[in-house]
Amino acid sequence: MRSLLQTTSLALGLWGTTVGATIDVTWTDDSSVKEAAATIAYGLVKYYTGNNTGDTPGNLPDPYYWWEAGAMFGALIDYWWLTDDESYNNITQQAMIHQAGDDEDFMPTNQTRTEGNDDQGFWAMAAMSAAERNFPDPSSDEPQWLALTQAVFNEYASRWDTDHCDGGMRWQIFTFNSGYSYKNSISNGCFFNVAARLARYTGNDTYSDWAAKIWKWESDAGLITSGYKVYDGVTIGTTNCSSVDTAQWSYNAGIFLHGASVMYNLTESSTWKTRMDGMLTDITSLFVDNDVIYEHFCEENIQCNQDQQSFKGYLGRWLAATSQMAPYTYDTIYPLLLSTAKAAVAVCTGTDTDFKGHTGTACGFSWLDTTYDGLVGVGSQMNAMSMVIYTLIEQGSAPVTSSTGGTSTGDASAGNKNSDDVNKNQSKITTADRAGAAILTILVCGGVLAGTAFVFS
Ligand SMILES: *[C@@H]1O[C@H](CO)[C@@H](O)[C@H](O)[C@H]1NC(C)=O
Ligand SMILES: *[C@@H]1O[C@H](CO)[C@@H](O)[C@H](O)[C@H]1NC(C)=O
Ligand SMILES: *[C@@H]1O[C@H](CO)[C@@H](O)[C@H](O)[C@H]1NC(C)=O
Ligand SMILES: *[C@@H]1O[C@H](CO)[C@@H](O)[C@H](O)[C@H]1NC(C)=O
Ligand SMILES: *[C@@H]1O[C@H](CO)[C@@H](O)[C@H](O)[C@H]1NC(C)=O
Ligand SMILES: *[C@@H]1O[C@H](CO)[C@@H](O)[C@H](O)[C@H]1NC(C)=O
Ligand SMILES: *[C@@H]1O[C@H](CO)[C@@H](O)[C@H](O)[C@H]1NC(C)=O
């Protein structure tokens with residue numbers, strides 16, 4: 001913490017405190033890049049209230065959903081990995097252990113009633129990153145990163161539903177949540193992503209078999225097209241799984257790209273290479289404008305909601321990770337990350353009453369022009385931090401495995417502590433909870449982009 005304060009006060013001295021001053025980065029100088037990342041990360045973590053006395057570790061305040069906190073800790077693990085700044089390691093470890101919950105599967109009782117498979121997945125992917133990066137292991141009486149990821153994997157496998165659409169996981173875990181009849185790419189993408197990474201980390205074929213099966217289902221269901229576009233999801237409904245929502249979100253593409261790159265790294269097969277290459281080509285044409293990554297579906301017309309405002313940051317994360325798993329893609333990916341990071345930093349010039357970081361360093365959301373758009377928040381701040389740190393990807397150590405120095409302890413049978421997972425803690429669902437779920441339904445139906453299930457619950 002002390003070193004961070006020194007860095008930032010030095011930085012403020014250098015840059016001046018004028019509102020609207022840009023963060024000045026020398027992109028060829030790692031220490032300059034890290035200083036910029038530290039400034040932006042400081043503003044990001046200031047949104048977090050879980051470290052305040054009396055507050056719950058792991059939660060972001062309203063209006064941010066629980067899943068986004070999991071995404072944030074995943075980003076902070078990468079922040080530490082690429083910058084060596086340990087300032088946020090303690091709060092990250094504390095949050096992830098706390099939110100692992102009693103069953104050590106990222107289904108804490110406070111969240112279970114509204115939790116979807118994708119929500120659980122963002123925490124699981126953070127745990128997987130912790131294992132792959134040798135992020136400090138919790139003490140032995142606490143849940144371990146690898147075992148936590150395996151717990152979520154096992155629960156996902158138990159939720160695979162062959163009764164509808166010939167397979168796939170539903171978006172929601174519980175019948176009473178809106179979105180239960182929807183099978184979406186992000187939920188199945190979380191499953192695919194952790195399956196591929198567990199396969200590489202452990203060498204256990206069960207995980208790679210699942211990764212192949214999930215990809216096949218996504219393709220058969222029409223959610224991954226022959227042109228490697230990733231559509232949002234399919235409704236079981238009365239149309240027999242023929243009603244595909246064709247909205248394309250950057251995080252859906254990124255999560256499958258990264259998983260495919262891991263499978264390529266593991267198998268060196270031309271099948272996975274073709275898939276990865278096809279997806280990368282689609283991503284660089286659809287989600288890039290003037291060499292800058294953007295959220296194609298909603299950014300230009302200023303329609304991205306709170307969740308959607310964070311998606312392109314994860315695309316950055318998964319592009320960077322892909323460049324490690326398939327080093328030949330680095331020459332395509334790095335220039336894009338660099339030009340995007342430059343555009344992102346150029347609009348970290350704002351002030352906002354909710355922003356408690358250093359004055360004049362709140363990051364705007366859209367990077368398509370040099371004007372600060374005032375759309376600040378966890379998503380915008382996390383996106384900018386991500387793009388900046390991933391320009392350091394070439395120096396990042398390769399993700400470890402259990403045979404190349406990984407220290408995290410696993411448990412292949414973790415998760416599913418209650419025999420009937422879907423009914424887990426159903427008894428705790430009260431009338432008030434059902435009302436809560438109903439409100440979410442209205443939000444989903446009344447959204448601007450009606451027809452797209454875009455609200456996490
Ligand atoms: C979290 O809270 C502890 C105890 O109050 C404090 O020492 C620490 O600096 C805080 N960490 C961050 C990152 O705010
Ligand atoms: C993290 O926790 C350890 C052990 O409690 C403590 O020594 C260290 O100062 C903390 N680091 C930060 C950045 O808060
Ligand atoms: C579910 O409820 C049972 C019984 O109250 C409890 O023992 C268990 O810890 C709960 N599990 C979760 C994940 O909340
Ligand atoms: C659950 O939520 C309550 C109320 O906000 C809070 O006091 C408690 O610490 C939370 N429990 C866990 C395990 O997060
Ligand atoms: C729904 O699809 C399944 C599998 O493709 C098929 O066997 C079944 O006949 C279809 N049902 C209806 C009502 O179209
Ligand atoms: C797999 O990843 C490692 C670590 O980044 C890399 O050294 C190796 O070249 C990759 N394998 C392939 C086939 O690209
Ligand atoms: C591989 O993973 C599966 C699924 O978790 C597990 O049942 C099996 O025991 C594991 N095999 C080994 C050798 O660890």
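Every number for a ligand or one of its atoms is a count from 1 in the order of the listing.
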**Asked** Is it the side chain, the backbone, both or neither of T202 that has a heavy atom closer than 4.0 Å to ligand 7?
**Response** neither
**Asked** For atom 8 (C) of ligand 6, what's the nearest protein heavy atom and its distance?
**Response** N265 ND2, 3.8 Å
**Prompt:** Is it true that D277 and K273 have a side-chain N and a carboxylate O under 4.0 angstrom from each other?
**Reply:** yes
**Message:** Whether R170 and D161 form a salt bridge (side-chain N of Lys/Arg under 4.0 Å from carboxylate O of Asp/Glu) is what I want to check.
**Reply:** yes
**Asked** Which heavy atom of the protein is the closest neighbour of atom 9 (O) of ligand 6, given with residue, atom name and distance?
**Response** P327 CG, 3.7 Å
**Prompt:** So, W215 versus F192, ring centres under 6.0 angstrom or not?
**Reply:** yes
**Request:** Dump the intermediate steps for salt bridge (charged side-chain N to carboxylate O under 4.0 Å, His left out) on K213 and D209, then the final yes or no.
**Result:** CA-CA 6 Å; K213 178 169 163 172; D209 291 348; over 6 Å; no
**Prompt:** Which option, D209, D411, N204, owns the non-hydrogen atom nearest atom 11 (N) of ligand 7?
**Reply:** N204
**Request:** Give the numbers and elements of all ligand 7 atoms closer than 4.0 Å to a heavy atom of T206.
**Result:** 1 (C), 2 (O), 3 (C), 4 (C)
**Asked** Any side-chain heavy atom of F365 sitting closer than 4.5 Å to one from Y294?
**Response** no
**Min side-chain heavy-atom separation M382-S310 under 4.5 Å** = yes
**Message:** Distance under 4.0 Å to a non-hydrogen atom of N154: what atoms of ligand 7 satisfy this?
**Reply:** 5 (O)
**Request:** Flag F153 as yes when one of its N or O atoms lies below 3.5 Å from any N or O atom of ligand 7, and as no otherwise.
**Result:** no
**Asked** Should the pair Y334 and Y330 be assigned to parallel (<30°), tilted (30 to 60°) or perpendicular (>60°) ring geometry?
**Response** parallel
**Item:** 4.0 Å protein heavy-atom contact status of atom 2 (O) of ligand 6, strictly under
**Value:** yes
**Asked** Would a search of protein heavy atoms around atom 5 (O) of ligand 7 find one under 4.0 Å away?
**Response** yes
